[in-house]
Every structure is written in structure tokens, then in C-alpha cells.
Amino acid sequence: MTAFQRLFVRLAHRWTRLTRSVTLGVRAVVRNEDGAFLLLRHTYVPGWHLPGGGVDRGESAADAVVRELFEEARITVSAAPRLHGLLLNRHLGARDHVAVYIVEHFERRAEWRPNLEIAEIGFFCGSALPPDTSPATRRRLAEVLEGRPAATHW
């Protein structure tokens, strides 16, 4: 991705935050049969994160997480995602909420390739996450691994 493309993606995300009074996003804790978690690295922000994105107008949060998983990782969800929690993201001015879903039944039907938004994806064991995994991602994975409910804040 070129520097111009990265700048464009960042500006588009900021514009969305400025023009909406409240935003709703989704994130997915995707766990495979070996117990490893899906993480991805964006082209426009450092570190490894849970897959997800914004909920479109007229779309349910559950439908958004299914769509985002396909768009970002070419994963097709084969059983309904389970809501882990709804969290307030204070880092974005206390207007952003994130619905976190757990996905354990899925298929990878299409080949994944890097694109304008996602530079890399991978499955990682909870005890061997990449060093630059985001703190919020680490907290969500710890909650799932330990069977704890979601925190109230991202």
C-alpha cells in the first residue's frame, strides 16, 4: 500500500468518527479447532488486532461481524456468532461502542491475499501472541481464555 492510500484510509476513518454522533463497531474473537486465535495487522495502524469493523446502516451487529470476517480474512461463519460483550471505547471520545463476538465455527473457502486495509493475518496460540498485539486485543483474549465476562470498556 502506498503512503497516499494509507493516508486516505486514515482520513476516511476519522471522517466517520467526526460525522456520526455514536458509532458501533464489531470485533470477532475467532478460535480454530486447535485453540489458536485469528489476528490481523492493518496497513494503517501498528500492531495485531482482532478482526472487525463498523456496522453499516440497516445492518445488525451480528451480520456486520460475519461480513467483516469475510472481507478481512475470507472466513465464512458456519454457526451464529456468540455475543461476548458490548464495550465502550473511551479512546475515541466516549462515543464508540464495540460489540465483541466469539466465533468458533467457520470455514476458509477462499484464498486470502493482502489488500489496501489488511497487511497480514494469522492464527496464534493465546500463550504465544505476537509481541505487538494491541493491549485491548490481549484483554479480550484473556477474558475468553479465562471464561470471564467482557469488561465494560474496550
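The structure presented is a predicted model; accordingly, all values stated were derived computationally and were not measured. Heavy atoms only: backbone and side chains are in, while hydrogens, waters and symmetry mates are out.
Cluster annotation: Val45 and Leu39 are assigned to distinct hydrophobic clusters (Ile/Leu/Val/Met/Phe/Trp/Tyr, side-chain heavy-atom contacts under 4.5 Å, transitive). A single hydrophobic cluster is not seen to contain both Leu83 and Leu50; linkage of ILVMFWY side chains at heavy-atom distances under 4.5 Å, directly or through other members, places them apart. A chain of hydrophobic side-chain contacts below 4.5 Å, direct or via other Ile, Leu, Val, Met, Phe, Trp or Tyr residues, connects Leu38 to Val66. Following chains of ILVMFWY side-chain contacts shorter than 4.5 Å, one can reach Phe106 starting from Val26, so the two form part of one hydrophobic cluster. Under the 4.5 Å side-chain heavy-atom criterion for Ile, Leu, Val, Met, Phe, Trp and Tyr, Leu86 and Leu141 are members of distinct hydrophobic clusters.
A search for ring-ring contact (aromatic ring centres under 6.0 Å, His included) contacts involving Trp48 returns Phe124, not counting sequence neighbours. For His49, the ring-ring contact (aromatic ring centres under 6.0 Å, His included) partners two or more places apart in sequence, or in a different chain, are His42.
The pair Glu111-Arg113 meets the salt-bridge criterion, with a side-chain N (NZ, NE, NH1 or NH2) lying under 4.0 Å from an Asp/Glu carboxylate O. Using a cutoff of 4.0 Å between basic side-chain nitrogens and carboxylate oxygens, Arg139 and Glu143 are not scored as salt-bridged. A salt bridge links Arg67 with Asp56; the closest basic N to acidic carboxylate O contact falls under 4.0 Å.
When every heavy atom of Leu24 is checked against every heavy atom of Ala99, the shortest pair comes out as CD1-N, 4.3 Å. Between Ala61 and Tyr101, the shortest heavy-atom distance links the atoms CB-OH, 3.4 Å. Residue Pro131 comes nearest to Arg138 through the heavy atom pair O-NH2, 3.5 Å, listed as atom of the first residue, atom of the second, then distance. Counting all heavy atoms, side chain and backbone alike, Phe123 lies closest to Ala36 at CD2-O, 3.7 Å.
For the pair Asn89 and His153, the minimum side-chain heavy-atom distance is 4.5 Å or more. Annotation: side chain of Asn32 is not in contact with side chain of Phe37 (no heavy-atom distance under 4.5 Å). Using a 4.5 Å cut-off on side-chain heavy atoms (C-beta onward), Ile118 and Glu71 make no contact. No side-chain heavy atom of Ile102 sits less than 4.5 Å from a side-chain heavy atom of Pro81. Residues Val100 and Leu87 are in side-chain contact: their nearest non-hydrogen atoms beyond the backbone lie under 4.5 Å apart. A 4.5 Å side-chain heavy-atom check between Val29 and His84 finds every atom pair outside the cut-off.
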Let's go through Arg108 and Arg74 carefully: what are the C-alpha distance in whole Å and the side-chain angles of both, what is the deciding distance for side chain to side chain contact (heavy atoms under 4.5 Å, CB included) to 0.1 Å, and is it a yes or a no? CA-CA 6 Å; Arg108 295 191 69 187; Arg74 294 298 182 242; 5.6 Å; no
Test side chain to side chain contact (heavy atoms under 4.5 Å, CB included) on His97 and Trp154; report intermediate values, then the result. CA-CA 8 Å; His97 291 77; Trp154 183 248; over 6 Å; no
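Note: Glu33 CD to Arg31 CZ = 11.5 Å, rounded to the nearest 0.5 Å. In this structure, CD on Glu72 lies 5.0 Å from CG on Leu40, to the nearest 0.5 angstrom.
Checking side-chain atoms of Glu107 against main-chain N and O of Val77 turns up no donor-acceptor pair under 3.5 Å. Looking at Ser78, its side chain does come within 3.5 Å of a backbone N or O of His105 through a donor-acceptor pair.
Think of Phe70 as one node in a network of Ile, Leu, Val, Met, Phe, Trp and Tyr side chains linked at under 4.5 Å; it has no links at all.
Screening Ile121, Ile75, Leu69, Val103 against Pro51 for a side-chain contact (heavy atoms from CB on, under 4.5 Å) leaves a single residue, Leu69.
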